[in-house]
Amino acid sequence: MTVKCSKCNNPAIIRIGYANLNLCKEHFIEYFESRFERIIEKYKMLEGSKKVAVAVSGGKDSTTLLHLMNKIKDKYGIELIGITIDLGINKHESKYSAKSVEYAIKNYELLGVKYKIVKVSEDYGFTIDDAAKKLRRPVCSTCGLTKRYILNKVAAELGADTLATAHNLNDTAQFVFHGYFSGDVENLARLRAIAPAEKGFIKKIKPLFLVPEKEIATYAIVKNIPFITDSCPYVALRLGSRSQTILRRKIEEIEDELPGFMAYLVENFENKIRPALEKEYGIKEEEKEGHRCKICGMPTPPGRDICSFCAIRLKLTSAINTI
Ligand code: SF4
Ligand code: ZN
Ligand code: ZN
């Protein structure tokens with residue numbers, strides 16, 4: 001039997017368990033877009049923002065975020081600019097980075113959003129494939145550091161005052177759970193949906209942090225948003241990948257049995273637990289002073305002459321050049 005939409009007579013395409021709703025395509029789009037805006041409003045994410053850089057990898061989450069931000073930009077009086085990083089991932093001839101960049105560009109052009117593509121090999125002299133081959137450290141850790149560094153740097157260079165990234169509710173719930181499980185209080189204290197401009201960095205926001213992955217994927221499909229469906233060839237090497245995968249699966253199973261579980265977990269963390277942790281383990285006053293890397297000029301913690309990215313880059317480029 002076809003399940004009907006809770007708001008009209010059309011067939012439902014999705015069940016929103018935590019809101020006890022079955023929705024047809026039109027009502028789902030309406031629900032999804034207005035919920036996105038309610039989150040932006042509730043957490044005052046765009047207060048004081050004039051130019052927002054959106055990090056677009058080409059996957060479903062970031063391309064959806066770009067479309068949603070583009071929809072609300074006039075209402076909030078913001079200018080948008082997209083940033084996409086070509087990481088140079090081509091393991092097993094997968095062309096993963098080339099394809100990801102292609103999808104990001106398709107979306108920028110579809111929406112008429114200005115963008116910048118940063119090619120890591122051209123600007124920094126290495127690729128993530130090089131990092132996988134030449135460094136002993138886990139490739140995803142180098143990749144994550146590289147992405148964070150470039151996004152922060154390039155967004156500021158482009159004159160953006162805010163950087164928006166597409167972490168979804170499942171990612172955030174997994175991170176919170178994993179933080180509890182491993183007792184990583186410092187990272188938990190710094191896991192924020194909105195990080196104000198500090199330590200020489202611009203403001204950062206995560207507008208999808210309360211939006212379930214299933215809803216994002218459904219929205220991207222019904223709106224015909226082009227996105228890459230291939231997985232990164234290094235995904236299996238993610239640090240703690242076995243425990244992370246199990247935790248994520250279990251969290252999603254609990255959500256099925258107890259709709260709203262992930263949102264409660266993350267909202268209670270954001271609103272009640274993190275502020276308490278922040279007092280003890282948050283960013284220290286001395287870290288806010290704005291020490292700078294002697295090589296690139298980006299902020300670096302006190303007592304460090306060069307930033308972690310420059311340190312890795314030096315190591316990697318010298319390994320590449322001494323074959
Ligand atoms: Fe980078 Fe690892 Fe993600 Fe691949 S799976 S894009 S290497 S962080
Ligand atoms: Zn309907
Ligand atoms: Zn540096």
Side-chain angles (χ1 to χ4, degrees), residues 32 35-40 42-46 49 52-69 72 80 82-85 87 100 104 107 140-141 143-152 155 160 162-182 184 186-196 201-220 225 227-228 231-232 235 238-241 244-245 247-249 251-252 255 261-271 273-274 277:
F32 184 85
R35 179 139 191 274
F36 172 75
E37 234 186 289
R38 281 206 307 278
I39 296 168
I40 294 270
K42 180 172 175 187
Y43 289 90
K44 299 187 173 65
M45 289 196 179
L46 295 175
S49 298
V52 180
V54 184
V56 181
S57 68
K60 65 179 185 331
D61 298 328
S62 61
T63 51
T64 295
L65 176 62
L66 183 73
H67 282 251
L68 291 167
M69 294 297 290
I72 63 166
L80 286 188
I83 304 178
T84 297
I85 306 173
L87 296 158
S100 308
N107 283 282
C140 293
S141 150
C143 182
L145 173 70
T146 304
K147 289 190 276 197
R148 281 193 301 279
Y149 175 87
I150 293 176
L151 288 173
N152 277 311
T162 306
L163 171 65
T165 54
H167 303 86
N168 64 41
L169 176 61
N170 304 48
D171 299 334
T172 318
Q174 179 188 339
F175 206 93
V176 170
F177 229 89
H178 195 260
Y180 291 159
F181 158 78
S182 57
D184 192 350
E186 289 199 344
N187 265 329
L188 281 174
R190 293 168 193 217
L191 178 69
R192 296 172 289 184
I194 310 165
F201 292 111
I202 62 170
K203 177 170 103 176
K204 280 174 238 145
I205 58 172
K206 296 176 186 163
L208 298 177
F209 87 112
L210 286 173
V211 185
E213 188 173 31
K214 178 177 105 176
E215 291 177 33
I216 298 173
T218 306
Y219 183 81
I225 295 176
F227 63 87
I228 184 166
S231 297
C232 171
V235 77
R238 267 195 191 149
L239 194 63
S241 120
Q244 295 273 14
T245 311
L247 279 179
R248 188 170 184 113
R249 199 175 62 229
I251 291 167
E252 290 169 355
E255 175 73 27
F261 167 75
M262 287 194 298
Y264 280 123
L265 179 78
V266 169
E267 276 210 284
N268 282 330
F269 173 76
E270 173 67 26
N271 299 336
I273 298 169
R274 192 192 50 75
L277 282 180

Evaluate side chain to side chain contact (heavy atoms under 4.5 Å, CB included) for F227 paired with T64, printing each intermediate quantity in order.
CA-CA 9 Å; F227 63 87; T64 295; over 6 Å; no
Residues K42, E37: salt bridge by 4.0 Å N-O rule:
no
Is the shortest side-chain N to carboxylate O distance from E252 to R248 below 4.0 Å?
yes
Does [X] reach the side chain of [Y], with side-chain heavy atoms less than 4.5 Å apart?
X: I39; Y: P207; result: no
X: N168; Y: P212; result: no
X: R274; Y: L188; result: no

Judged by modelled atom types alone, do K203 and S49 share a side-chain donor-acceptor pair under 3.5 Å?
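Yes, a side-chain donor-acceptor pair sits under 3.5 Å.
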Would you confirm whether [X], through its side chain, and [Y], through its main-chain N or O, come within 3.5 Å as a donor-acceptor pair?
X: E213; Y: N170; value: no
X: S100; Y: G58; value: no
X: R35; Y: L210; value: yes

Who pairs with F201 by ring-ring contact (aromatic ring centres under 6.0 Å, His included), at least two apart in sequence or on another chain?
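Testing F201 for ring-ring contact (aromatic ring centres under 6.0 Å, His included), a comparison that skips the adjacent residues, returns none.
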ring-ring contact (aromatic ring centres under 6.0 Å, His included) partners for F209, two or more places apart
Y43
Please step through side chain to side chain contact (heavy atoms under 4.5 Å, CB included) for the pair I205 and L163, ending with a clear verdict.
CA-CA 6 Å; I205 58 172; L163 171 65; over 6 Å; no
Parallel, tilted or perpendicular: ring planes of Y180 versus F269, cut at 30 and 60 degrees:
perpendicular
